[in-house]
Amino acid sequence: MNFHARRVTLPAITPLCLQKRVGILYGFVFVLSPSVLAKGCFLFLFSVLNLSCFSRWCWIRAITNVSHCLPEMVVNLMFLLQVIKVYSEDNTSKAVEVPSDVTAQDVCQLFVLKNHCIDDHAWTLFEHLSHLGIERALEDHEYVMEVLSSWAMDTDSRLYFRKNYAKYEFFRKPLDFFPDHMVSISSETNGMVDHCDLIQTFLNSSTCPEIHGYLHAKEQSRKSWKKSYFVLRRSGLYFSNKGTSKEPRHLQFFADFSDSDVYTILAAKKLHGAPTEFGFCVKSTKCSSARDLKLLCADDEQTRTCWITAMRLLKFGMQLYQNFIQPHQKQKASPMRSISENSLVAMDFSGQKSRVIENPSEVLSVAVEEGLSWRRKSCHRLSGHGSPSTAQSSVLNIAIHVAQPWFHGKLSREESHRLIAQQGLIDGVFLLRDSQSNPKTFVLSLCYTQKIKHFQILPVDDEGELFYSLDDGQTRFTDLIQLVDFYQLNRGVLPCKLRHHCARITL
């Protein structure tokens, strides 16, 4: 057998964890003579396939990028990749090559790296079926190619990449998702469940949690909707044909979730004549027609969120919890801060001699003062020489905040509602925008108790200096960045602190 070894330098897209996993394999590829090329490809692919899906993608792309060194092998590697198209919220799109067994989490990780996003574990892949007017968030463990294979060829179906802060919030705050009057458990606990153990009850296959309450259901082959009492059990979704009775003879089967998924209806009133906009549906993976959808409608957002969350838990169970804790386990195993960063200390160089600042309160005050000093210097650099006038100061303040990810410019009230609802109706999700009614003011749109509230930010002129305030001038800020920073740490006049900003990216 004739063969030779050639050392190649792979591009830097291979993550650090991949380098640790493959060890000596990194940087070395054996190219065999044509007589044993097939066997050579098999040997190399065997090593590649042992890696995770995302790491394997990095390897295959790296080898493709050095195709001038390995022309024979590239052809044999490309069959592992398939092309998918992903859209962002501004409808820009990007086509990427991924392995056939890529998961939704892998795709999100890929776009986080490509777009230099902050990975806060809220990025999610959404399945959007325009012809049916429905969408859902793909679970992190779902295989993307399996989802795409269920799409009909002549339909406008898309994958969207965006934030979803509510994805696992029910693990942190179950009380916000499961009201007392909608949750009960088996007769062994007298029909009630302790909320401390509520999530564990859902994850435990030996217990039988129940979600119950009134829902509107669209009758088959009719335009009318009927309000019925529904019961969600591990065996499926049922409705009672006699009031609120849960007796077996009164319960009629409605749907199960072994081969179905739960979708949100985007315009329930317009498309289906629903009594409210809080619609959702159960769709079989084999169904592609609107006639096959099992349409439901809740009276409010909290009720809809409770039903959808419970259906996810009953369908995926412990897998959802594994998806939730996996990023935190990785952070503990490989902390982001290096040894040198852990040894950094705060220093004061203002006097003749430098000193180490040991008091944490003093460290914080110095950091704040540094930030204010940076803003003042920035204003002077932008304004040229001397102190800026009131008009100049206003322009400078706008120039400072306009590039922030939480500022969305001339966004309408309706669009802000849609954007916040898409990225998760949990406490503290917010954005800032220009006011439509008053061009000189701004609006803070904030989600609290699954409702979106709007607060006007007014300019305050104090002896020629311009400030911004949310409380009629009681608390003043020189720019909107200071305002956001303050209310991320203090609730103030707001119902809750600012926690998560709505972000848009262009792919």
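Counting only distance, with no hydrogens or angles, the side chain of Thr305 and the backbone of Phe177 share no donor-acceptor pair below 3.5 Å. No donor-acceptor distance shorter than 3.5 angstrom exists from the side chain of Lys453 to the backbone of Tyr448, with no hydrogens or angles considered. A donor-acceptor contact shorter than 3.5 Å links the side chain of Glu277 to the backbone of Ala268. With hydrogens and angles ignored, the 3.5 Å screen pairs no side-chain donor or acceptor of Arg234 with any backbone N or O of Leu314. Between the side chain of Thr155 and the backbone N or O of Ala152 there is at least one donor-acceptor pair closer than 3.5 Å. Between the side chain of Lys218 and the backbone N or O of Leu295 there is no donor-acceptor pair closer than 3.5 Å.
Counting heavy atoms from C-beta outward, Val86 and Phe111 have side chains that approach closer than 4.5 Å. Looking only at side-chain heavy atoms (C-beta outward), Leu215 and Phe280 come within less than 4.5 Å of each other. Taking the side chain as every heavy atom from C-beta outward, Phe178 and Ile199 approach each other to under 4.5 Å. Between Val262 and Arg312 the shortest side-chain heavy-atom distance does not fall below 4.5 Å. Counting only heavy atoms from C-beta outward, the side chains of His121 and Gln326 never approach each other to under 4.5 Å. Using a 4.5 Å cut-off on side-chain heavy atoms (C-beta onward), Val429 and Lys163 make no contact. Taking the side chain as every heavy atom from C-beta outward, Val484 and Phe407 never approach each other to under 4.5 Å. In this structure the side chain of Ile211 never reaches within 4.5 angstrom of the side chain of Met311, judged on heavy atoms.
Side-chain rings of His141 and Phe316 approach one another, their centers coming within less than 6.0 Å. Separation of the Phe202 and Phe170 ring centroids does not fall under the 6.0 Å cut-off.
The ring pair (Phe, Tyr, Trp, His ring centres under 6.0 Å) search around His454 returns His417, not counting sequence neighbours. In terms of the ring pair (Phe, Tyr, Trp, His ring centres under 6.0 Å) criterion, Tyr263 has no residue partners (sequence neighbours excluded). Partners of Asp292 according to the salt bridge (Lys or Arg N to Asp or Glu O under 4.0 Å) rule, which considers only residues two or more places apart in sequence or in another chain, do not exist here. For the salt bridge (Lys or Arg N to Asp or Glu O under 4.0 Å) test, no residue two or more places apart in sequence or in another chain qualifies with Asp154. Contacts of Tyr229 classified as ring pair (Phe, Tyr, Trp, His ring centres under 6.0 Å), with partners at least two apart in sequence or in another chain: Tyr214. Residues meeting the salt bridge (Lys or Arg N to Asp or Glu O under 4.0 Å) test with Asp300, sequence neighbours left out: none. Residues passing the side-chain hydrogen bond (donor to acceptor under 3.5 Å, both in side chains) test with Lys167, sequence neighbours excluded: Thr124, Asp140. Partners of Arg172 according to the salt bridge (Lys or Arg N to Asp or Glu O under 4.0 Å) rule, which considers only residues two or more places apart in sequence or in another chain, are Glu169. With sequence neighbours excluded, the residues that form a ring pair (Phe, Tyr, Trp, His ring centres under 6.0 Å) with His128 are Tyr160.
With salt bridges taken as basic N to acidic carboxylate O contacts below 4.0 Å, none links Glu415 and Arg418. By the 4.0 Å N-to-carboxylate-O rule, Glu210 lies close enough to Lys246 to be salt-bridged with it.
With no hydrogens or angles considered, no side-chain donor-acceptor pair links Ser100 and Gln82 at under 3.5 Å. Residues Thr92 and Ser88 bring a donor and an acceptor atom of their side chains to less than 3.5 Å of each other. No side-chain N or O of Ser416 forms a donor-acceptor pair with one of His408 less than 3.5 Å apart.
Taken from CG in Leu446 to CG in Leu431, the straight-line distance is 9.5 Å, to the nearest 0.5 Å. Here the SG atom belonging to Cys297 is positioned 10.5 Å from the NE2 atom belonging to His272, to the nearest 0.5 angstrom. Between the NZ atom in Lys85 and the OG atom in Ser157 there is a gap of 13.0 Å [rounded to 0.5 Å]. Residue Leu237 holds its CG atom at 11.0 Å from OG of Ser260, rounded to the nearest 0.5 Å. To the nearest 0.5 angstrom, Ile420 atom CD1 is 5.0 Å from Ser445 atom OG. Note that CG of Asn164 and CD1 of Ile426 are 8.5 Å apart. Values are rounded to the nearest 0.5 Å.
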Hey, can you pull the donor-acceptor pairs under 3.5 Å for the side chains in residues 499-507, sequence neighbours left out?
residue	atom	partner	partner atom	Å
Arg499	NH1	Asp427	O	3.3
Thr506	OG1	Asp90	OD2	2.8

Kindly determine whether His131 and Asp156 satisfy side chain to side chain contact (heavy atoms under 4.5 Å, CB included), including the steps that lead there. CA-CA 6 Å; His131 62 293; Asp156 183 17; 5.8 Å; no

Intermediate values then yes/no, side chain to side chain contact (heavy atoms under 4.5 Å, CB included), Leu498 and Leu444: CA-CA 10 Å; Leu498 306 182; Leu444 168 65; 4.1 Å; yes

Take Val144 and Asp106 through the side chain to side chain contact (heavy atoms under 4.5 Å, CB included) test and state the conclusion after the steps. CA-CA 9 Å; Val144 176; Asp106 293 328; over 6 Å; no

Give the C-alpha distance, both sets of side-chain angles, the deciding distance and a yes or no for salt bridge (Lys or Arg N to Asp or Glu O under 4.0 Å) between Glu247 and Lys242. CA-CA 9 Å; Glu247 294 184 23; Lys242 188 177 181 180; over 6 Å; no

Does the pair Gln488 and Phe430 meet the rule for a side chain to side chain contact (heavy atoms under 4.5 Å, CB included), with working shown? CA-CA 10 Å; Gln488 284 179 327; Phe430 75 98; 4.0 Å; yes

Take Glu142 and Arg136 through the test salt bridge (Lys or Arg N to Asp or Glu O under 4.0 Å) and record every step on the way to the result. CA-CA 12 Å; Glu142 287 192 78; Arg136 73 178 179 101; 2.9 Å; yes

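For Arg158 and Tyr87, the positive end sits near the middle of the six-membered ring, less than 6.0 Å away and at most 45° from its axis.
Surrounding OH of Tyr143 are at most 12 heavy atoms belonging to other residues, nucleotides or ligands under 6.0 Å away. Taking a 6.0 Å sphere around NZ of Lys94, one finds it holds 12 or fewer heavy atoms contributed by other residues, nucleotides or ligands.
Minimum heavy-atom separation, Ile452 to Ala421: CD1-N, 4.5 Å. In this structure, Ala104 and Leu138 approach most closely via the heavy-atom pair CB-CB, 4.0 Å. Heavy-atom minimum distance, Arg304 versus Gly279: NH1-O, 3.0 Å.
Listed by first then second residue, pairs satisfying side-chain hydrogen bond (donor to acceptor under 3.5 Å, both in side chains) with a partner in residues 144-153 read Glu127-Trp151, not counting sequence neighbours. Evaluation of the ring-ring contact (aromatic ring centres under 6.0 Å, His included) test over residues 284-314, restricted to residues two or more places apart or in two chains, returns none.
Between Trp123 and Phe161, the ring-plane angle classifies as parallel under the 30° and 60° cut-offs.
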